[in-house]
Each structure stands twice: as C-alpha cells, then as structure tokens.
Engineer: 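I'd like to ask you about the structure that follows.
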Protein chains: 2
Amino acid sequence: MEEISIGLVGAGTVGGGVVKILHKRKDFFRKKLKLPIKLARIADKQLSLLQDLPTDDAICSADAQDVLQDESINVVIELVGGTTFARKLVIEALERKKHVITANKALIAEYGPEIFECAEKNNVSLYFEAAVGGGMPVIKSIREGLVGNDIFSIKTIINGTCNYILTRMTTEGLPFDTVLKQAQQNGYAEADPALDIGGGDSGHKIAIMASLISGGYVPFNQINIEGITSISKEDIEFACELGYTIKLLGIINKNSEDNELDVRVNPAMLHTDHILASVSDVYNAVLLQGDAVGQILLYGKGAGQMPTASAVISDVLDVSRNIIGGNEIRIPTDHYSSSNMIDLKSINEITSRYYLRFTVKDKPYVLASISSVLGKQNISIASVIQKEGYSDNSVPVIILTHQASEKGIRAALSEIEKTDFIKAKTQMIRIED
Amino acid sequence: MEEISIGLVGAGTVGGGVVKILHKRKDFFRKKLKLPIKLARIADKQLSLLQDLPTDDAICSADAQDVLQDESINVVIELVGGTTFARKLVIEALERKKHVITANKALIAEYGPEIFECAEKNNVSLYFEAAVGGGMPVIKSIREGLVGNDIFSIKTIINGTCNYILTRMTTEGLPFDTVLKQAQQNGYAEADPALDIGGGDSGHKIAIMASLISGGYVPFNQINIEGITSISKEDIEFACELGYTIKLLGIINKNSEDNELDVRVNPAMLHTDHILASVSDVYNAVLLQGDAVGQILLYGKGAGQMPTASAVISDVLDVSRNIIGGNEIRIPTDHYSSSNMIDLKSINEITSRYYLRFTVKDKPYVLASISSVLGKQNISIASVIQKEGYSDNSVPVIILTHQASEKGIRAALSEIEKTDFIKAKTQMIRIED
C-alpha cells in the first residue's frame, strides 16, 4: 500500500501537538485503520522546538522549502499562522500538487477564493477543520453530518479569550482591564490581544461558517464586527439584574425567502436560560439550526494545543483515506470563489431587541425625552431601570426595547447623544433569543 | 457521471422524512455537490403511506424484493425496524453487493458481527449514522472528527422518551405512571414502552458507541442495563433537595491501564451544575472525553422524523461520495467481528458514589444499624437526610455515600434488607460526576 507522506511546517504549540498525536496513534492508524501515515518532514525556523518532540523518523530542518521540494510528500500541514509567509507557503504547496491542511482561519477568511481556486486548478484539496472551533468537528458537521439540512441560523461563542474575560467579569465583578491583564498573565490572552477582544478572530471563523452554509464566498471585510472592549462592569451587573448574561457571539441568520445573510460578531445579551448562556471560561459552543434537524449544539474547547491538534489529525485521516481510496477531491470547494461572492445584509437592515444604557444628568424630564425620541423611531420599550446616581451627579438609565430596527435605534441614539443631558457615550447591546 | 441509484425499504415516519429531504435538496446535491443522487425505488407493504410523499420518479411497490432485485440500485436504505425481516433484508442487500444504510440500532447492536462480516465479504459498506443520536452526527464525530483521540469516557442521555418522562416528573412533581400515560397520549412514548423505559434502546446505542471507541465488538447482551421504572417521585424530590437531577445515562468508562471497559445504562444522579443536568425534555446529548480534545458535547434531537432522516441523508451523501470517488470502503469496519469481542467489566467491579433510599420503621437504632453495616463494607457516608415519617409509620432515610465499591454496596444492601426494620425495597441510584 502506498504511504501517505506528511510534511509539517510550523512546530509551535499546535504543531507540537500534531507531532505528539501522530507518534502516539501511529499504530492505530496503520493497523486498525489501515492508513500508512508517515510524518516524513518537519520544518521550523526555530529548530530547538523539535528537541522535546517525538519526531520519530521525520527529517527535521529549518527551511520550509525542504518540505515543499520533497516530491515524495503528499500532504503539507501549515501551522505557521499569519497571512504573509503562510499564504505563500500554502499557494506553493498547492501548486506543487500537494494537499494542504491548515488551522489558519485568517488565511481562509481573507484569502479563501485565491487559495481554493489554486487548489482546484491543481486538482488537490485544502482541509481546514482546525480553523474553526478547535477540537469540535464544526466543519465536518456542517459539510457532512448536517448536509441534509438548510442551516439557517448559527449562534456561536467561538473565541475562548473573550469568553474567559466575560465569564470572569461576570463571576467576580471585575472590570475589563483587570481581567484582561490577568488573562495575559496566565496565558489565556495574547500579549497583543486586539484580534481576540476586537472580535476579528471570531469574525474570521464566522466568515468561514457563513461561506459553508451559503455555498458561496462570504467576504470577511463585509462582516460587521464589534468586540468586547466597550463592555463595562456596569453592563454586566445590569444584565445580571435583568436575568441576562453577556457573551461575544458570532451570528448568522439566513432569511429563507430572499436567502439574505445577516453575518456579524457582537456582544449579545442572552437570557440566563439560553443554552449558550452557560458556556463559560475558555469553552466554545456552536448552536446550529437546520430545517430538518432542528437545534444542534457542539460544545468543547475551541483552542489550545491538543484540541486544535485533534482537529488537524482529523484532516490528516480524511486526506489519507481520500488518497488511499483514489478519491482525492472528495468534497468540492469550488463554490468558495470570488465569482460566487455572497452579499451580506447591512447591519442597518437588521432588527433586534436592544439593551441601551444611557448616562444622563440627574434632572427632570430626561426619561421623558429619551422615551419620546425612541417613540418617534417606533421603538417600543420593554423595561426600564433607573438607579441612584453616580458621585458625579450622573445617573444610569437602562432601557430594554422590544423588537426594533437597527436603523431606528441608530437614528434615535444619534439624536439623543446631541442633547445636553447625556454625560457619556450611550451603550447599546443587542439581545439575542 | 454515474448515477447513484437509491432504493428505500420502509416509508414510515423516518422513511417519509428521507423522501422529503431527497426531494427538497435534489438540486443542491446534484449541482452544488455534483452528486447525481436518484431515489429510484421505494418499497413499503403499506403502499398508501407513499401517497402524500414527493416520490418524484421513484418506482413504488409493496415488495422489498423489487428493490433488492433491481440491479441498477447501488444503495439500499433499510428503515423497516425490528431484527427479523430487517435482518434478512440487510443481509440479502449486502450479498447482492449493495451498500446499506440503516437506522436500526437493535440490528447493529445485536447482530453487528454477522452484518459487518457479510458487508466485508461482499466488498460493500454499511452506514448507520441514524442508529445513534438521531440528527446529532455522533458516529461521524467518533470515527472521523475525533479520530485523533483515545475516547476514554462517554456519558450520554440518548433516549428521548426517558428524558421527557424524568423531566416532567422533576418539573411537575408527578409520579412515573402518570407521566408515562401522558407521554403515550401525546406521542412521546410508544404504546409498548418497554424498550425505552427499560433502558434497552439506550443499551443498543451505547453498545454501538462502545464498539466504536474500543475498536472491537461489544456484545449488547453483556451490558448492565437498568431502566427508569423504579424511579419514584420521592427519589426525584430528594435528589432535588440535595442539588441533583436524575437522568437515564448511557455510560462508557475505559480504563487507560488495562483497557477494561465499563459499559452500562442506569439512572444516575447528576449535580445540577453538570452539563448533562440541563438537557431536558426529548433532547439528547453525548458527552465524550478524548485524550487530546478534552470534553466535547453534542446536543440535539435524538429522534423524530426529520432529525433521524437528516442522519440517514448524511449517510446517503457519504456513500455517494465514496461510490463516485471509487473509494467504496472508505472506513473499514472489520474490527466489528465476533472474533474481536471486547470483554466488559462486570458491574460488580465498578466503584461509584451512591444514593440510597431506605424505607424503615420509625424506631430507635435504625440509622445506627444501617451505618454499621455500611461501615463494615468500607462504605463511607457523605450525607444523610431523615425526614418525618409516612402515614404508615415508616420513614425514608436517604444516604449519599463517598466513592464505594458496587460489590460492597450490594453486600451491605443485601444484609440490611434482611433486617426487620426495612419496610420496602431499598432504592439505589449511582451518582455520576
């Protein structure tokens, strides 16, 4: 039987995990599954990373070209990260007719069409299970397990760093900055946390999921992305008082009539009974709704060395089965092309329920003025909390609305912001069912 | 391109769902996925079932032989149920070199080796995603998505009828018989509910999962199966008071040292914080633990027309991809053979924490006697509740133990049962973490 020869580029955290699993389960793959998988080469600039790994017979070197130029290698695993060197590496591997496995969500979300078109042209496949949801089989479930469904809704907690920060803010009543600093100290947040807390990482993942369920290409840069940096201790406390939890959600809603896609990342208030409300700490979850299957939830660790390596290995087994079986392009990805771009619904066109926190001067008629502006925009109020004021003579006024249009909310807030009783920027958080 | 010609036998609830999805998503399968899937024949004794279904060009008849004898048919979907006619049908289809898709958990769990050996001999495959967990992609996740893992633990709520009954007993404080009757009236329980409430259905599913994660054949008849018929209103109330919920669980524990498998179905007390405790009504969930991925949860509807049909369709797409790609035996099942039988740990060899409810005469020294017998068996008490007595001068005494051996518990209960202060059979429920 032909051997499946694997070349790994990038032996950092996830790469190290991949090496460990390939070593540990080699016999299982060979004997039980009859897949003669061989880790033939490993390349990493930082050769010292390989010292403590069970690299077995793999030829180790510092130069990715050693992997690319080895004609015996069928599959390249790219775990370099970033979108510059990794992009060139993936394109070159595909052009050399090697299948590629990657965990690189930014690369797929931002350069998907270029990469998938290149794979198609060269008659090889690109596998990316590890790009979304770490160890949870999200991609496989959407493309295979749930293929009988029109998936019309996804709500997902897909960034562990943000979920960890929001969980600790909630359980310990701490402000954002304090928790972020602690998260950085214990390794739950990067030194530069912008991609996580700004929502970009969730945006990459939701872009990939949206492309999969729409059967086209959802461009990352058209997605409305809001991070968690504006979420205050007060918002968390008020949410709690109202029976809600604040989570950073990736959201996809497909309108069954016009197939219009609402794709976005934003902090959201979830009722504490909501199945996603209890997803805490670094755990992730993906809640899908299909027309046949109804609600399906996947829950697990969306990041970390071994969970992500587990997803990469799932791709290694898939590509090996496909190569051995002579069915190298088992799942076509040609829909993921720039000629098949999906138009997204503008954020202004959505409707939602809203949490609004106004910081106002403690004086008469303020609530009346706010309500009147909201009323003019057809926004109906579901509940109000007005508390004792802060020391600077300002008071928080919390309003939960019924279903309203984003356009109306934005117009109302813009008008209210201009009044002289507003003392700080108004907070707006969407409420999700 | 070759056409994939499907023959469906059994057009009842799930069969009807399969016909509907194949009709609704035909263009998607053909055009987007490039899989020319054709529902060529449908057979059902009760031809009238087909009247309201979108059967398109399928040739409908009352005789399964029409499907089996049609040489153009590549794939037979068996949705007849039971293990007599269905078994013959599946064997004959395989012998005629047709791939088979089935949702029949009893057939796989009880006759797995015969069927898989037959498939292997005839160089065709058997697909059974719908046999476990309805719409949740359980089989695919274990065999593909999590293939990089040694899955060493599964805890699962896998029978919707039992979960519905226990949920209603808990939320409404009703006794078992009342809820069962209501469940039968509104279609959540069969007229003959024995297979569900006795735990047999969960047993079939856990046998299949245990076979998959052990890489051998776990015989259904060696699994310790306890149903929910003994669970009383009082047990539910006491559980609640102690911060627990009672669920019927399928349980698999693999000991990493000796690979010994503990496989069983029993009612279990779960702390209300446990992720499975909040799985309510007809929902199912599978909590897996893998050495790489950690905890993974799948949650969804484990039964019902469209969720189960969704799983069947996932198999239809898999087999079609494999036929079109010329990779007809993509995932070997040869481990599922009688020559590869897995020995199970006897229930007497397990350890657990236990909930014990004694019904005793209201007189002195009773608690002392019970504690002393438990102590003799090395069973340490974690907490005790003794309440006001019942009208017949008996009192309930509830004891939660620390970790103890099943053997010790059984010996202690047998000794205690013989004393004259015991007024009714003692209830024992295992506590799961």
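The chains referred to below are lettered A, B, ... by the order of the sequence lines, with proteins before strands, and numbering in each begins at 1.
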Engineer: Could you tell me if the side chain of I331(B) sits less than 4.5 Å from the side chain of L33(A), heavy atoms only?
Structural biologist: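 They are not in contact (no side-chain heavy atoms under 4.5 Å apart), so the answer is no.
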
Engineer: Identify the two heavy atoms, one from S310(A) and one from A292(B), that lie closest to each other, and give their separation to 0.1 Å.
Structural biologist: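 Residues S310(A) and A292(B), closest heavy atoms: CB-CB, 4.1 Å.
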
Engineer: Among R321(A), H335(A), E328(A), which residue has the highest count of heavy-atom pairs closer than 4.5 Å to chain B?
Structural biologist: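 Top count of heavy-atom pairs under 4.5 Å with chain B: R321(A).
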
Engineer: With a 4.5 angstrom heavy-atom cut-off, is it the side chain or the backbone of D273(A) that approaches chain B, or both, or neither?
Structural biologist: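 Neither the backbone nor the side chain of D273(A) comes within 4.5 Å of chain B.
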
Engineer: Examine whether an atom of Q295(A) lies under 4.5 Å from a heavy atom of chain B, and if so say whether it belongs to the side chain, the backbone or both; otherwise answer neither.
Structural biologist: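 Contact with chain B is through both the backbone and side chain of Q295(A).
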
Engineer: Quick one: does L317(A)'s side chain get under 4.5 Å of E144(B)'s, heavy atoms only?
Structural biologist: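 Sidechains of E144(B) and L317(A): no contact.
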
Engineer: Indicate whether any N or O donor in one side chain lies under 3.5 Å from an N or O acceptor in the other, for R330(B) and N327(A).
Structural biologist: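 R330(B) vs N327(A): no donor-acceptor pair found between side chains.
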
Engineer: Can you name the closest pair of heavy atoms from K32(B) and P332(A) and give their distance?
Structural biologist: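 Of all heavy-atom pairs spanning K32(B) and P332(A), the closest is O-CG, 4.2 Å.
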
Engineer: Using non-hydrogen atoms only, which part of P137(A) is less than 4.5 Å away from chain B: side chain, backbone, both, or neither?
Structural biologist: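 Side chain only.
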
Engineer: Is it true that, when you exclude Y283(A) itself, more than 12 heavy atoms of the residues, nucleotides or ligands shown sit nearer than 6.0 Å to its OH?
Structural biologist: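 Counting neighbours around OH of Y283(A), more than 12 heavy atoms of other residues, nucleotides or ligands fall under 6.0 Å, so yes.
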
Engineer: Quick check against the 3.5 Å criterion: does K301(A) have a side-chain atom that pairs as donor or acceptor with the backbone of G294(B)?
Structural biologist: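 No, K301(A) side chain to G294(B) backbone: no donor-acceptor pair under 3.5 Å.
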
Engineer: At their closest point, which heavy atom of V147(A) faces which heavy atom of F29(B), and how far apart are they?
Structural biologist: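 So the minimum-distance heavy-atom pair works out to O-CE2, 3.7 Å.
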
Engineer: With chain B as the partner, which of P307(A), S278(A), A311(A) has the greatest number of non-hydrogen pairs under 4.5 Å?
Structural biologist: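 Most heavy-atom pairs under 4.5 Å with chain B: P307(A).
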
Engineer: Using a cut-off of under 4.5 Å for heavy-atom pairs, which of I313(A), N322(A), L297(A) has the most such pairs with chain B?
Structural biologist: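 Ranked by heavy-atom pairs under 4.5 Å with chain B, first place is L297(A).
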
Engineer: Apply the test side chain to side chain contact (heavy atoms under 4.5 Å, CB included) to residues D334(B) and K34(A): give CA-CA distance (whole Å), side-chain angles for both, the deciding distance (0.1 Å), then the verdict.
Structural biologist: CA-CA 11 Å; D334(B) 54 346; K34(A) 303 182 184 69; 2.6 Å; yes

Engineer: At a heavy-atom separation under 4.5 Å, does I275(B) approach chain A through its side chain, its backbone, both, or neither?
Structural biologist: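 Just the side chain, heavy atoms under 4.5 Å.
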
Engineer: Tell me, for I329(A) versus chain B, whether the close heavy atoms (under 4.5 Å) come from the side chain, the backbone, both or neither.
Structural biologist: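 Looking at I329(A), nothing touches chain B.
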
Engineer: Run the salt-bridge test on D150(B) and K24(A) with the 4.0 Å N-O cut-off and return the result as yes or no.
Structural biologist: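 No.
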
Engineer: Between G215(A), G304(A), G134(A), which residue shows the highest count of heavy-atom pairs closer than 4.5 Å to chain B?
Structural biologist: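 Most heavy-atom pairs within the cutoff with chain B belong to G215(A).
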
Engineer: Heavy-atom pairs under 4.5 Å with chain A are the metric here; pick the option from G135(B), G17(B), S141(B) that has the most.
Structural biologist: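 Looking at each of G135(B), G17(B), S141(B) in turn, G135(B) comes out on top.
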
Engineer: Using side-chain heavy atoms (C-beta onward) and a distance below 4.5 Å, is Y299(B) in contact with I296(A)?
Structural biologist: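 They are not in side-chain contact.
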
Engineer: With a sphere of 6.0 Å drawn around OH of Y164(B), does it hold more than 12 non-hydrogen atoms of other residues, nucleotides or ligands?
Structural biologist: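 Counting other residues, nucleotides and ligands, OH of Y164(B) exceeds 12 neighbours.
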
Engineer: When you measure from the side chain of R25(A) to the backbone N and O of N149(B), does any donor-acceptor pair fall under 3.5 Å?
Structural biologist: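 A pair under 3.5 Å: yes.
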
Engineer: Is any side-chain heavy atom of L298(A) closer than 4.5 Å to a side-chain heavy atom of L298(B)?
Structural biologist: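 Counting from C-beta outward, L298(A) and L298(B) do come under 4.5 Å.
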
Engineer: Heavy-atom distance under 4.5 Å between the side chains of M306(A) and D291(B), does that happen here?
Structural biologist: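 No, their side chains stay 4.5 Å or more apart.
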
